[in-house]
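One-based numbering along the sequence shown.
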Amino acid sequence: MDARAGRGGADGFRTRGFRHAAHGLNAAPNFEGRAWHLQRRAAFDPRQAFADEREALRQHRARRVPPARDDKRLTSANALLASGLARAAVCLQRDDWGHLSADLIATLRASAWREGRLCALAPDRGRAIAGFLDDHAFLLDALLAQLQYEWRDEDADWARALADILLRDFEDRELGGFWFTPHAHEPLPQRPKPWFDEATPSGNAVAARALLHAGHLFAQTAWLEAAERTLRAGLGASRDAPQGACALHAVLHEFLHPPAVVVLRAAPTERGLWQDAIGQARRDGAQVYLLAPASANLKDKPYQAGGVAYVCIGVRCLAPARTPAELDARLREARAGRA
């Protein structure tokens, strides 16, 4: 090989890569001062050579002016990530993802929740910006998903507060659905009410889904009625362009065919006996919440020694299950009722 083919580039560092180093091409020519006989280096470590080349490139790049970065911490984006992590943690039994989701929610609580109001981004630079529909809907959805992974009363209380804020500050009380901006926002030439999915799901679809889940879990008919009004208001848009309203269609299906909701009240030492039944319930599509006996939430579902499971489908609740076998029977009954 001719020497000119193996020299470094004009930037002053090797550009031929670690494969050339493996055959001695990064050294001086070994034949007549202008060419090489290829030689395989026995002591060559490709991983180390790759790391060296990467470090050389990094140092060269560091001499350039770095590009500007958009490093805002958006509430809606972080909430959407938290909901996905929490659902994946439940489905795939990945505690590390569940803990990461909990950390994201805790960070949002500390940075974006100010005196009972949600901010669109962490107000650590300049003034705080009031949260929009996506911020509230995505965070409510994330909290409900996280409650299925690990129940915390403070997350449940926060979910209740966000659901009330959605109805109070964003709902179109005349025609149904939710505005993108709160009622107290400055007047706009056109106030949007988003129905269609874009880079993220429709805010109205996520709000309707979260209110359905929260309404069934906490037995709040006002939230269920708001979700139904939203679906009715969005029917025209979903008919006109169904390919752009996938999230809305998914919520409509869930509204017409509500999944079973299972609330298990059991001490941590008692949950092992219920593990198989709970796993099967989740595989069948049920929403499962595991509450400690002393939890202050859902007082209409009290604890009993050994654990007790409460199963509801929509607004219909079945008799409490006091054993895993009874829970299996209740879930079969629920599936039969939906068929």
Side-chain angles (χ1 to χ4, degrees), residues 1-112 119-126 128-129 134-135 138-139 141-142 145-146 149-150 197-201 206 246-247:
M1 178 181 288
D2 188 89
R4 291 171 295 179
R7 294 296 185 187
D11 291 324
F13 60 93
R14 297 187 304 274
T15 59
R16 287 291 176 178
F18 64 87
R19 289 188 179 86
H20 286 72
H23 297 282
L25 292 176
N26 61 334
N30 59 12
F31 181 73
E32 296 183 350
R34 62 181 181 82
W36 287 271
H37 285 306
L38 299 182
Q39 299 177 347
R40 178 68 178 176
R41 291 170 53 188
F44 178 72
D45 183 355
R47 291 187 178 87
Q48 183 59 47
F50 178 76
D52 293 343
E53 295 290 344
R54 185 170 59 179
E55 177 61 20
L57 289 169
R58 188 196 66 79
Q59 292 179 9
H60 180 70
R61 184 183 63 184
R63 297 200 297 267
R64 299 198 298 254
V65 177
R69 234 182 11 160
D70 183 357
D71 57 355
K72 294 188 295 291
R73 291 181 291 168
L74 300 175
T75 298
S76 60
N78 280 279
L80 194 63
L81 175 59
S83 65
L85 286 168
R87 288 189 173 91
V90 171
C91 292
L92 302 177
Q93 300 180 1
R94 288 288 300 267
D95 289 337
D96 54 337
W97 295 347
H99 296 158
L100 182 54
S101 173
D103 290 344
L104 282 171
I105 289 174
T107 299
L108 289 175
R109 187 196 301 274
S111 62
C119 300
L121 67 157
D124 53 356
R125 300 177 185 177
I129 299 176
D134 288 4
D135 302 300
F138 292 0
L139 182 54
D141 191 54
Q146 183 64 23
Y149 172 73
E150 181 182 18
D197 305 326
E198 297 183 16
T200 57
V206 176
C246 296

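More than 12 heavy atoms of other shown residues, nucleotides or ligands fall within 6.0 angstrom of atom CD in Gln59.
Between Pro201 and Leu80 there is a side-chain heavy-atom pair separated by less than 4.5 Å. For the pair Arg94/Tyr149, no side-chain contact is recorded, criterion being any heavy-atom separation below 4.5 Å from C-beta on. You'll find the side chain of Phe138 stays beyond 4.5 Å of the side chain of Asn78, heavy atoms only.
Of the possible polar contacts, none joining the Asp141 side chain to the Val206 backbone as a donor-acceptor pair under 3.5 Å is found. In this structure, Ser76 contributes its side chain and Asp135 its backbone to no donor-acceptor pair below 3.5 Å. For Thr75 (side chain) and Cys119 (main-chain N/O), a donor-acceptor pair under 3.5 Å exists by modelled atom type.
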Side chain to side chain contact (heavy atoms under 4.5 Å, CB included) between Lys72 and Leu121, worked out: CA-CA 7 Å; Lys72 294 188 295 291; Leu121 67 157; 3.7 Å; yes
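Once rounded to the nearest 0.5 Å, the distance linking NE2 of His99 with CG of Leu85 reads 12.0 Å. One finds the CD atom of Glu53 at 11.0 Å from the CD atom of Gln48 (value rounded to the nearest 0.5 Å). Atom-to-atom distance recorded for Leu139:CG and Arg109:CZ is 9.0 Å, nearest 0.5 angstrom. A distance of 12.0 Å separates CG in Leu74 from CG in Leu81, rounded to the nearest 0.5 Å.
A pairwise comparison of heavy atoms in Ala247 and Asp197 identifies N-OD2, 3.0 Å as the closest pair.
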Taking distance alone, no hydrogens or angles, what donor-acceptor pairs closer than 3.5 Å link side-chain atoms of residues 100-107 to residues at least two apart or in another chain?
unit_1 : atom_1 : unit_2 : atom_2 : d
Ser101 : OG     : Ala82  : O      : 3.0
Ser101 : OG     : Gln146 : OE1    : 2.7
Thr107 : OG1    : Asp103 : O      : 2.9

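The residues Asp52 and Arg47 are annotated as not salt-bridged, no charged nitrogen and carboxylate oxygen being separated by less than 4.0 angstrom.
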